[in-house]
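Notes for the one structure printed next.
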Amino acid sequence: MPTSTLDTPLFLFGLTTGVALAAASQFFINSLTRSQSQRSLAATAAAALLAQQQLEEPEDLVAGALKHGNPSTHLTPSGRDAALSGSLPALRRQSWSVPSFVAADGTLPRLEMEFTVSSKKLQTMVRHMVNEMRKGLESDGHMLKMIPSYVVARPAGDETGSYLALDLGGSNFRVCMVELRGQGQTAIRQSKHMVSDELKTGSGEALFDFFATCIADFLKSIGIDPKEKRALGFTFSFPVEQNAIDHGTLMQWNKGFACSGVLGVDVVNLLNKAMKKAGMNITATALVNDTVGTLVSHAYRDPQTFVGVILGTGTNAAYVERIADIPKWTGDRKNITDMVVNTEWGAYDEQSILPITSYDQALDRASNNPRKQILEKMISGMYLGEIVRYILVDLVSTGELCRGIFTPKLQTPYAFDTAYMSRIERDHSLELSDTKAVLENMLDVHNTTVQDRRIVKHVCELVGIRAARLSAAAVAAIITKMKRLDACTVAIDGSVYEHYPHFANRMRDALRELLGIMAENIVLEQARDGSGQGAALIAALHAK
Ligand code: BGC
């Protein structure tokens, strides 16, 4: 059952000024009023959710969808009729929206079944994930790392000053000068640098030297002497075991990185050493994950933000947890009521729940981190295009696509970028002309028929919808764990959420299936540049 906000500890310790206290009280009053008027609705919805969780699939998915007033989910009109007339064999054939161009005896109907994730499955995933979160908070060594971030204060909105921030996400490294102007306002100047594959897989020293050079060049470009003494916030978007706000050892590389000499080493120390070697007088004073930065920077504007999510090259989420619910935290609990926890949800890999296909398995085997980050490999931008490529190769090999003709590009790992999926999913032309252009220009696949292009588009939809639904289930798990079903803003950054067409809507639809009416209380909000600004804000909070 959802709790009211009455027993929800707020982050009031971070709010030190009179203005901030007034704003916080207003927020408290607003949420109280809303939660009272919504409580009975929420109770009904919670009961409905429980009932839905007893269902079996796929027929029960339909029954559940009908029962909870969402009969359109995955159902063709004839599927809906079949459901209503209780004709289960007919339903089995009809309940998935199989397009007319799909041959009944080909590979596509199998793909439909394998990639479609029912509400029931998502619900099972939510329950299991909540359990795994509890285990990870209890002790180390579990599926979800649940890393305490040492961030115990969210910004009051009144922080001011200029702060340097670094952001190593996936494909890019950014150096930012963030000006905090108070009242939740910021201005940012930044330089962005591509991290080459050589750097990603070379030595750690080369990587950190590269960072130092980028910082010095950027500072010079904005007229600042790199020798000036200053502090910086470092967003480092990999699983790091933190034992202080400015200290953390790398537990695992992800997203194609595999630099030597960094695993098990304090990355802040590596950065400080590289900056010193380059003659700079700069010290990293805060180390943050991008999800933590996203949460904190969004909370600067919207105090209801309790979750930060990245759906980009990689995926992950951080949220605000009660310190009392982090038994493994051995630090000083005095004056601390809450702490931001980095879940590292990309590592979720429950085989009995996740719809892992042979394509996912092939991708995982060929990756440079096999058997790791299984959820991440099903939903993040680094991998979605590659899953599609595996499927297309299969369809060509069976002769169901492109008359069985391969091109070298189609057989090249990672040649099918996730951005191509976005273009194809956005293509609503009759002849699918942009899909044709993508296939010709990017993959050297020529002379495609409209039928070929429809198949390619449909494959992108299957992979894209699965990703959005799994992401929604992961968000629902966090909200459920926090018991914030009555009001919560989720700040989401990353290229997949921002640029992949329909991703946000598909997530919202799945959240509605999972949470019913309570999904209306959950605001999914696009956050931009969150991680860099967040690092600057955290550096500011720690300078306070
Ligand atoms: C990393 C996380 C990070 C996420 C998003 C994952 O691969 O393990 O630490 O937050 O990518 O960038």
Side-chain angles (χ1 to χ4, degrees), residues 52 57-58 61-62 64-65 68-76 79 95-99 111-126 129 307 309-312 315 317 345-346 348 354-355 357 360 375-385 387-388 391 418-428 456-479 490-527:
Q52 193 171 348
E57 61 182 309
L61 153 71
V62 177
H68 299 291
N70 192 5
S72 60
T73 314
H74 299 305
L75 285 176
T76 57
S95 61
W96 318 101
S97 322
V98 182
L111 292 176
E112 297 272 340
M113 290 302 285
E114 286 181 3
F115 278 85
T116 306
V117 200
S118 67
S119 305
K120 166 85 163 64
K121 245 305 180 268
L122 292 181
Q123 249 146 21
T124 312
M125 176 174 162
V126 171
M129 224 170 163
V307 187
V309 172
I310 300 288
L311 289 166
T315 186
W345 78 18
Y348 182 80
L354 287 178
T357 65
D360 299 299
L375 182 64
E376 176 163 277
K377 286 172 182 159
M378 298 171 92
I379 66 183
S380 79
M382 170 145 183
Y383 304 102
L384 292 183
I387 303 172
V388 170
I391 301 174
T418 302
Y420 305 160
M421 290 174 74
S422 295
R423 269 182 69 180
I424 291 171
E425 280 232 47
R426 213 175 273 125
D427 183 3
H428 297 293
V456 171
K457 179 166 179 178
H458 191 57
V459 168
C460 293
E461 281 164 0
L462 287 175
V463 174
I465 290 173
R466 185 185 71 162
R469 290 173 69 75
L470 293 175
S471 308
V475 168
I478 292 198
I479 308 277
V490 180
I492 312 182
D493 202 352
S495 50
V496 170
Y497 189 75
E498 187 174 356
H499 301 301
Y500 196 106
H502 321 302
F503 204 91
N505 287 342
R506 288 167 180 169
M507 270 184 83
R508 255 181 263 273
D509 287 350
L511 266 187
R512 264 181 226 121
E513 281 170 53
L514 284 166
L515 304 178
I517 191 160
M518 285 181 289
E520 305 307 321
N521 301 336
I522 313 305
V523 181
L524 303 184
E525 229 164 62
Q526 171 77 62

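Owing to the predicted nature of the structure, the values given are computational and were not obtained by experimental measurement.
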Okay, side chain of T418, backbone of G385: is any donor-acceptor separation there less than 3.5 Å? yes
Please check if the side chain of E525 supplies one atom and the backbone of A491 the other of a donor-acceptor pair under 3.5 Å. no
Looking only at the side chains, is there a donor atom on one of E513 and S119 sitting less than 3.5 Å from an acceptor on the other? yes
Can you tell me how far CD of Q526 sits from CD1 of I492, rounded to the nearest 0.5 angstrom? 8.0 Å
So Y500 and L311, do their side chains get closer than 4.5 Å, heavy atoms only? no
Can you measure from CG (L462) to NZ (K457) and round to the nearest 0.5 angstrom? 12.5 Å
Taking all heavy atoms of A473 and all of L122, pick out the closest pair and write down the distance. CB-CD2, 3.9 Å
Charged N to carboxylate O below 4.0 Å: is that the case for R512 and D509? yes
Output the distance between atom OG (S380) and atom CD1 (I310), rounded to the nearest 0.5 Å. 11.5 Å
M125 side chain near L375 side chain, heavy-atom distance below 4.5 Å: yes
Taking all heavy atoms of L514 and all of A476, pick out the closest pair and write down the distance. CD1-CB, 4.0 Å
Can you check side-chain contact (heavy atoms from CB on, under 4.5 Å) on E461 and E425, steps first, answer last? CA-CA 7 Å; E461 281 164 0; E425 280 232 47; 3.4 Å; yes
Check the pair V126 / Q123 against side-chain contact (heavy atoms from CB on, under 4.5 Å), numbers first and verdict last. CA-CA 5 Å; V126 171; Q123 249 146 21; 5.6 Å; no
How many angstroms lie between NE2 in H502 and CZ in R508, if you round to the nearest 0.5 Å? 14.0 Å
Any idea which heavy atoms bring M129 and W345 closest together, and the distance? CE-CB, 3.7 Å
Looking at CG of L511 and CD1 of I479, how far apart are the two atoms once the value is rounded to the nearest 0.5 Å? 7.5 Å
Can you confirm whether V388 sits close enough to Y420 that some side-chain heavy atom of one is under 4.5 Å from a side-chain heavy atom of the other? no
Chi angles and distances behind the side-chain contact (heavy atoms from CB on, under 4.5 Å) call for V496, I379: CA-CA 9 Å; V496 170; I379 66 183; over 6 Å; no
Does a side-chain heavy-atom distance below 4.5 Å link P355 with M378? yes
Are Y497 and L524 side-chain neighbours, meaning at least one heavy-atom pair lies under 4.5 Å? yes
Is the shortest heavy-atom distance from the side chain of I465 to the side chain of F115 under 4.5 Å? no
Calculate, to the nearest 0.5 Å, the distance between atoms CD and OG1 belonging to E114 and T116 respectively. 10.0 Å
Looking only at non-hydrogen atoms, find the nearest pair between P501 and R426 and report the distance. CD-NH2, 3.7 Å
Minimum-distance pair of heavy atoms, taken over all atoms of L111 and V459: CD1-CG2, 4.5 Å
For a quick check under 3.5 Å, do E112 and H458 share a side-chain donor-acceptor pair by atom type? yes
Taking the side chain as C-beta and beyond, is there a heavy-atom pair between M507 and V490 under 4.5 Å? no
If we only count heavy atoms from C-beta on, is the I387 to T357 side-chain gap below 4.5 Å? no
